[in-house]
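Being a predicted model, the structure only gives us computed values, none of them experimental. Below, chains carry the letters A, B, ... as their sequence lines are ordered, and counting in each starts from 1.
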2 protein chains.
Amino acid sequence: MSTMDLHIPREVSSLRQQVTDRLRDAILYGAFEPGQKLVERELCEQLGISRTLLREALQHLQAEGLIVNVPHKGPSVAVIDAQEAREIYQVRQSLEALAGEGFARNATDDQVRRLRLCLNYLHTPDAAANMLVAKNGFYAILLEGCGNNVVGQMLTQLNNRVTLLRRVSLAKQGRLPETLKELGAIVDAIEARDPELAGRLCAQHVAKAAEVVAGQFANTTEPNRKPEK
Amino acid sequence: MSTMDLHIPREVSSLRQQVTDRLRDAILYGAFEPGQKLVERELCEQLGISRTLLREALQHLQAEGLIVNVPHKGPSVAVIDAQEAREIYQVRQSLEALAGEGFARNATDDQVRRLRLCLNYLHTPDAAANMLVAKNGFYAILLEGCGNNVVGQMLTQLNNRVTLLRRVSLAKQGRLPETLKELGAIVDAIEARDPELAGRLCAQHVAKAAEVVAGQFANTTEPNRKPEK
DNA sequence: ATTGACAGATTGTATGACAATATGGGAGAA
DNA sequence: TTCTCCCATATTGTCATACAATCTGTCAAT
């Protein structure tokens with residue numbers, strides 16, 4: 001490389017950023033149930049920060065669609081219903097096709113290699129333990145190499161929102177072999193540098209996932225769920 | 001309609017919401033230049049609110065990608081460079097195709113009628129005066145009727161970000177006749193209830209707009225722009 | 001002209017305060 | 001008993017203030 005990168009990242013600090021990230025993780029990894037009310041005072045104590053800071057972080061997460069806020073009732077974790085899930089998966093289908101296509105077209109050979117390695121790792125029992133994290137690694141490489149950061153941001157947002165449907169990931173466990181086969185086909189198309197095929201396979205992959213989610217919703221129908229007081 | 005809507009919207013209040021909206025409009029409609037530094041104290045005075053509230057609003061807009069924040073240097077209006085513009089238009093192309101396709105498939109006859117009316121209005125000299133608002137009306141109907149709110153949210157975000165490139169809209173003025181012709185073709189396809197065609201035409205329309213923007217960027221090349229101190 | 005240090009300005013975070021609104025519970029009526 | 005109304009309490013919405021951390025521009029010294 002011609003010039004060395006001497007940049008020192010200062011963004012590691014910024015307490016607010018840390019708070020936002022922590023809260024986001026807490027929501028995504030299930031520390032709070034969807035629909036659960038978030039009480040400011042409690043969160044302040046748990047995080048050891050002031051209300052000022054907490055409320056700024058909440059605003060950020062609200063803009064990301066992870067929490068909703070009813071005036072004078074307080075924020076609560078967003079709830080994804082069947083309709084919204086359908087819509088999200090439809091959009092994901094378009095965007096992941098775009099990402100896959102872009103990756104096959106623009107990624108460096110090294111990125112393609114790393115994608116293949118990541119896929120191999122997904123086959124190991126080690127990955128099966130925490131599939132969520134492992135699969136996120138795969139997507140991270142895909143989004144990094146697709147040559148379009150914007151699509152990455154959008155997909156990350158959408159992904160976070162579907163992650164709120166955590167019961168879904170359980171259903172995915174049984175589908176793991178198929179999932180891996182589909183991902184394998186995608187990587188094959190990428191290695192062959194066939195953008196059109198890669199994009200189509202990505203779209204199909206998301207479509208399959210959407211079916212599973214839809215089925216899950218059909219089962220989990222709760223005719224008259226009582227809000228716990 | 002079977003049931004009357006007695007809902008009284010309380011969201012009209014919420015000072016924070018108003019502040020956020022005002023700031024967003026101010027940024028989008030050009031009260032601030034892209035890249036301009038936003039000084040908290042000044043904004044507080046101009047808006048007549050406390051720093052607490054202002055900073056919450058800024059967090060929200062930051063999450064929307066309209067402002068960026070460098071720690072201890074303060075927030076500033078986001079700047080879109082050529083690369084990012086390309087990426088945004090690429091994503092828009094996919095999503096507007098999705099919206100157009102969905103509209104042709106799912107919109108009510110009344111919504112189709114309103115879309116046609118809006119297009120007719122766009123031909124009047126009255127609309128030419130403030131094309132920005134008029135065109136937003138067209139998109140609002142499209143997004144409302146496409147049966148997918150999520151794609152609406154995503155496109156709104158993207159649209160806001162390209163609006164930061166206001167010089168672009170000037171370039172569009174000369175392209176107005178073509179624009180109207182393209183929109184006309186889209187509405188035709190929708191009235192014919194041909195989702196596949198409508199989607200393709202939407203994608204083409206965005207692609208054309210992207211070309212214009214790209215050309216504009218090529219002209220506006222500023223080899224060594226000095227940051228004004 | 002360059003370096004260095006200092007003063008002022010701005011942001012980052014915390015605290016306390018008070019008004020507005022929501023919530024739960026009890027007193028009283030049917 | 002059950003329902004209704006009202007109130008005490010809790011929580012949110014917003015503000016003012018304070019202080020530490022950091023940036024920025026200036027001015028002196030070399």
Ignoring backbone atoms, establish whether [X] has a side-chain N or O less than 4.0 Å from OP1 or OP2 of [N].
X      : N       : value
N69(A) : dT12(D) : no
R41(B) : dA9(C)  : no
K73(A) : dT23(C) : yes

How do H72(B) and L38(A) order along DNA chain D: which one's closest nucleotide is nearer the 5' end?
L38(A)

Start at the 5' end of DNA chain D and walk down; is the nucleotide closest to T52(A) or to R55(A) reached first?
R55(A)

For E211(A) and Q216(A), run side chain to side chain contact (heavy atoms under 4.5 Å, CB included): C-alpha distance rounded to whole Å, both residues' side-chain angles, the deciding distance at 0.1 Å, then the answer.
CA-CA 9 Å; E211(A) 281 178 27; Q216(A) 200 65 9; over 6 Å; no

Given the rule in the side chain to side chain contact (heavy atoms under 4.5 Å, CB included) test, do Y139(B) and L155(B) qualify, once you have shown the distances and angles that lead to the verdict?
CA-CA 10 Å; Y139(B) 276 113; L155(B) 277 176; over 6 Å; no

In whole angstrom, give the distance that lies between atom [atom1] of [X] and atom [atom2] of [N].
X      : N       : atom1 : atom2 : result
Q59(B) : dG13(D) : CD    : P     : 16 Å
L47(A) : dA14(C) : CG    : C1'   : 15 Å
Q62(A) : dG13(D) : CD    : C1'   : 13 Å
L15(A) : dA21(D) : CG    : C1'   : 13 Å
E40(A) : dA14(C) : CD    : P     : 14 Å
R16(B) : dG13(D) : CZ    : C1'   : 8 Å
E42(A) : dT12(D) : CD    : C1'   : 14 Å
K37(B) : dT10(C) : NZ    : P     : 7 Å

pair V162(A)-V213(A): side-chain heavy atoms closer than 4.5 Å:
no

Base dG16(C) paired with R51(A) side chain (donor-acceptor, <3.5 Å):
no

Within the side chain of Q36(A), is there an N or O that forms a donor-acceptor pair under 3.5 Å with the backbone of E33(A)?
yes

Tell me which nucleotide among dT14(D), dA14(C), dT11(D) gets nearest to the side chain of V39(A).
dT11(D)

Taking 4.0 angstrom as the limit, do D110(A) and R114(A) come out as a salt bridge?
yes

